[in-house]
Every structure is written in C-alpha cells, then in structure tokens.
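Here it is: the structure, laid out below.
Computed from a predicted model, the values in this text were never measured in an experiment. Naming convention: chains lettered A, B, ... in sequence-line order (proteins, then strands); numbering from 1 in each chain.
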Protein chains: 2
Amino acid sequence: MTTVHKSLTARTCDRLRMAVIESRYAPGERLRIEEICRDLQASSGAVREALSRLTAEGLVIAEPQRGFVVAPISRRDLTDLTEVRIDIELRCLHQSILHGDMEWEAAIIAARHRLGSLRNAFLTPGAPEAQTWHQLHAAFHDALAAACPNRWWLRLRQQLYVQSERYRRLSGPADETGRDVHAEHEALAEAVVGRDAARAETLMRDHLTRTTDILLGSRMPFAEDAEARSPA
Amino acid sequence: MTTVHKSLTARTCDRLRMAVIESRYAPGERLRIEEICRDLQASSGAVREALSRLTAEGLVIAEPQRGFVVAPISRRDLTDLTEVRIDIELRCLHQSILHGDMEWEAAIIAARHRLGSLRNAFLTPGAPEAQTWHQLHAAFHDALAAACPNRWWLRLRQQLYVQSERYRRLSGPADETGRDVHAEHEALAEAVVGRDAARAETLMRDHLTRTTDILLGSRMPFAEDAEARSPA
DNA sequence: GTTCGCGCAAATATACATTTTTTGTTGCTT
DNA sequence: AAGCAACAAAAAATGTATATTTGCGCGAAC
C-alpha cells in the first residue's frame, strides 16, 4: 500500500515531545529555534510547527514575539494535575471493566508481563532500560483503560498521562523506600481482569497518590523554589 | 509600554478557530492552504502554524502529506462529548461554589445580565446579534466555573466547551419548542449565587442534557454517523 | 479490464527578508 | 564615582517567497 512516510514535522514534533518529557530541556527554559534546528537537523519552519503543536498539549508555551518556553512546573500544578488525573483514570478504568472483552484482558496480561520483565529498571534514569520501562509502563496503563468506549475520556486521559510522565521523569532517582511498584501493578491487573471494579479503583487511586506523594517529597527543581533568585 | 502586538500567527489561529466553530468550513472538508492564504491575507507559513495548533485542540486533523481536514462530527461523538462535559462542568461548578468570593458572584450576575439583554438572539443564526449572544453565553458559563481553584479542571472544561460550541452552531435553527433558555440561565445563576450546590448541579446537568438532546434531534449534517474521530 | 507511467496540483521543507526584542555601551546626571 | 537613561548593535523570532517532494488522477498500453 502507501508507504507511511511520517512528515518531518511530525517526527520533529515527536522528538521534541520526548525531549520535553524527559526534561532534556528544563521547565521555563527558552527554546531557541536555531539551537533546535541544529540539534534535530530540521529547518526553522518544521521546528516552529512542531513547537506550535506542543503548545496545545500544554508542554510548551508560546509567548508572542518572544518565542517558546518549556511549560513551568510547580507543586501546585502537580497537585492539581493529580487530582484531575485520579478522577479521569478511575472513570476510564470503571468503564473499561464494564465493557472490556477477552482481547482486552489478554492485552493487559501481556502488557503486565512485558513490564514485569524489567522490574524496577526505572530506578536508574538515563539507562536505556529505563527508557523502555517508561514505554512499557505507559502501554500497561493504556491497556487498562483501552476498553473505555468513550473516546473523549480516553483523549483526556492521554493528555494528563503525558503531563504526569513529565513530572515522573523530572525527579531524579526518587525515594521509593518500601515501595514495590511491580506488586502494585500486579494487584491492579489482577483486580481489573477479575472485574472487581471497586478494588481496582482503590488500587489505582493509591497507586497514583503514592507516586505523587513521593514526587512532592523528592528534590525536584520546582519553579517556585527558584523564584526567590530570579523573579519573573 | 510594551505594545501587545499579537503575532500574525496568533490572529490567524484565532480567526481559523472561529471559522471552524462557526462551521464556515464543513466537517471533514479539506483545508487547502493556498485558499486560506488568500482568504486571510497570510502566508503559507503562518497558516500552516495556525492549523497545527488547532490540531491539538481537536478542531482540525492533520493527515501527513495530505494536508489538514476539519474534524468530523457524529452523533456518537456528540453523545460521548456531552457525557464527559457534564461531568467536568459539574465538578468545576461544585468547586466554584465552594471557593467563590464576592467578586465571583458579581461577575456571574453581570454576565447573566448581559446575556439576558439579548434573550433569544441565538435563534437566528447568521445575525450579528447571534454572534454576540454566543460570546456572552460563553462568558456566562466561564463566570460560573471561574472560581474553581484547579487550573486543570478549568483547562479541560474550556477544551470541551469549544467542542460543544461547534455542535451548537452547526445545527440550523434547532427546535427549541417549549424551552426557555433564558429562564434556565436565570435559575442556574440564582442557585449558584445562593450556594445551593446540589440544585445548581442538577440545573446544569439538565441544561446540558437538554441542549444535546435537541441537537441530536435536529437535522444536523452529521457525517453519516461515521465513527471517524480518533482520540490519538 | 487491469496496470503502469506520466503530469498536475498540493503539501512540505528551505532559504531569505523583515520586524521585534534584548543586550551592551556610552554619556549624562546626581 | 555610581547609577540611570537613551541609543546602537546583535540576536532571535516572525513572515514571505521559492524549491522540492509527495500524492492523486488521467490516459495509454498490455
């Protein structure tokens, strides 16, 4: 059929999204067009267009006549984000449990297995396995929600997941003392496939809450911590 | 002294958004770059960038190497959208009632007054008052939710409102038999300012449900009820 | 009747010009 | 002498024009 050549703009957009999520650019940092042109081997038009798309995703902010900056972060934002995310994740999960079929269950089991094979690889950021772990983690959570029949809930869920992933990666090796993330995922998958909606939702809520609490406690370069030095 | 020059791209983006919302372009229609260049007196770069931003807002869809098309509509999409929207509007409203201060109340009263002065001007699409009515209607609903302290809820609310506005405008003069929209707004404002959260939420739910039911019953140019919208 | 190839139209990418912002310097005032 | 203001130069973002690539359709050949 037709060779699916993704346009250069799309590739650039994807790479930039990854770069922002992986915090290769710091929050609040100015994104100089020329600099990105060199780094990604693309021309200014493509870069501008890619940046524009990311604007509406909430990853970068366009300041008229002043270019683009990486969206800032703050404890407040993370708290707000988590509140909304819990609500929407739970809703997708609930719908998913109600409507999921056998294929959906199989996909969850498969995703859990892939993720489990890497265990706690996420603890060492920078390692190539950590990259893979994050992808598999996203795939696992996607699989859980996938059977939700309402496309808008899924769309919003996706948006919020990207945001949260940014925070997750931004923290250094966070203090995961006494936490067994793998076990949490196992229990979650178990409850979901077992169609125990109430239990699944509780587990999901705890899962998300715990992650955020750890991030809030970690030494993350939050913007407000730096405001004392450089008031905008 | 900074003269706030909105960049041409931003203006173009706004005008295109309006054009899509007002259905000056039909759902599914191809958006030819050159055509838009002529219409809006902008160059391809600017138009391209504007279109890209609208992509992530869900108003247009980018098909790689094939340009942009207006996001399609369907009964299914409208139903899904409404379900999500009710949930999020109610949540913002609830939070708003809990946290709103006197200024917030005053803004609601003012917005209600402005909207009331035009009464049912929205019934005659195309008229210049209808345009104004839609703006004031958006402002009224914005005012209701404005005191919600969680920026993410507000952001999602805004996204969904834009989508719903598109459907609202897309229908011709819909059958509003036996409906007094003005009265609904009055009652809503009354309950909200009176801090009667339960009643306000019921009224809001009914308000949104009724609108959607009418739209679903109207002869709207639904794209063969095709499930064409992909939330990716 | 199907398939291959040529040509046109449109989207994409790049190079260039313009405008705006920022920064660094100079000179004046306190 | 130190600090502020105005000005000038440089860097960066925005906007335009142009070249390249890709997709689509028509027609001819097998």
Side-chain angles (χ1 to χ4, degrees), chain A residues 1-17 19-20 24-57 59-72 229-232, chain B residues 1-17 19-20 25-57 59-72 228 230 232:
Chain A
M1 296 288 236
T2 53
T3 50
V4 189
H5 271 295
K6 293 172 66 177
S7 66
L8 208 177
T9 296
R11 272 202 306 276
T12 305
C13 186
D14 291 342
R15 296 181 66 176
L16 273 177
R17 183 186 295 109
V20 171
R24 292 186 38 207
Y25 298 104
E29 182 181 347
R30 285 190 61 174
L31 293 163
R32 277 170 282 272
I33 302 278
E34 290 186 14
E35 191 178 319
I36 298 172
C37 288
R38 284 199 311 276
D39 291 355
L40 297 189
Q41 307 284 7
S43 104
S44 69
V47 173
R48 274 242 303 278
E49 192 170 328
L51 256 352
S52 289
R53 291 197 197 181
L54 295 181
T55 297
E57 289 182 33
L59 289 174
V60 308
I61 293 175
E63 301 183 346
Q65 313 291 14
R66 295 190 54 188
F68 299 87
V69 298
V70 180
R229 294 193 298 270
S230 60
Chain B
M1 305 302 174
T2 53
T3 48
V4 188
H5 271 295
K6 291 174 65 178
S7 66
L8 207 173
T9 296
R11 274 203 305 276
T12 305
C13 186
D14 291 342
R15 297 181 65 174
L16 272 177
R17 184 186 294 109
V20 171
Y25 297 105
E29 183 182 344
R30 284 191 62 174
L31 293 164
R32 276 171 283 271
I33 304 275
E34 291 186 16
E35 191 178 317
I36 299 173
C37 289
R38 284 199 310 277
D39 291 355
L40 297 189
Q41 306 286 7
S43 100
S44 68
V47 172
R48 199 166 172 59
E49 194 170 328
L51 255 354
S52 290
R53 290 196 198 180
L54 294 181
T55 295
E57 290 183 31
L59 289 175
V60 308
I61 293 175
E63 302 183 344
Q65 313 293 12
R66 294 191 51 189
F68 299 86
V69 298
V70 180
S230 58

Nearest 0.5 Å, what's the CZ-OG1 distance between R48(B) and T12(B)?
14.0 Å
May I have the distance from L51(A) (atom CG) to dA12(D) (atom C1'), rounded to whole angstrom?
13 Å
With Watson-Crick and G-U wobble geometry limited to distances under 3.5 Å, how should the secondary structure of DNA chain C be encoded in dot-bracket form, using | for bases paired to another strand and [ ] for crossing pairs?
||||||||||||||||||||||||||||||
Using a 6.0 Å cut-off, check whether atom CD of E34(B) has over 12 heavy atoms from anything other than its own residue.
no
Protein-nucleotides 5-11 of chain C N/O pairs closer than 3.5 Å?
unit_1	atom_1	unit_2	atom_2	d
dA11(C)	OP2	I33(B)	N	3.4

Any ion pair linking D14(B) and R11(B) (charged N to carboxylate O, less than 4.0 Å)?
no
If you measure from CD1 on I61(B) to CG on L54(B), what distance do you get to the nearest 0.5 Å?
12.0 Å
Separation of dT14(D) atom P from R11(B) atom CZ, nearest Å, is 13 Å
Taking only side-chain N and O atoms of T9(B), does any of them lie within less than 4.0 angstrom of OP1 or OP2 on dG15(D)?
yes
Distance check, rounded to the nearest 0.5 Å: S43(A) atom OG versus E49(A) atom CD?
10.0 Å
Expected output: side-chain R17(B) to main-chain L59(B) donor-acceptor under 3.5 Å
no
Within the side chain of R53(B), is there an N or O that forms a donor-acceptor pair under 3.5 Å with the backbone of A10(B)?
no
Compare all side-chain heavy atoms of L51(A) with those of L16(A) and state whether any distance is below 4.5 angstrom.
yes
Starting at CG of L8(B) and ending at C1' of dT18(C), how long is that distance when rounded to a whole Å?
13 Å
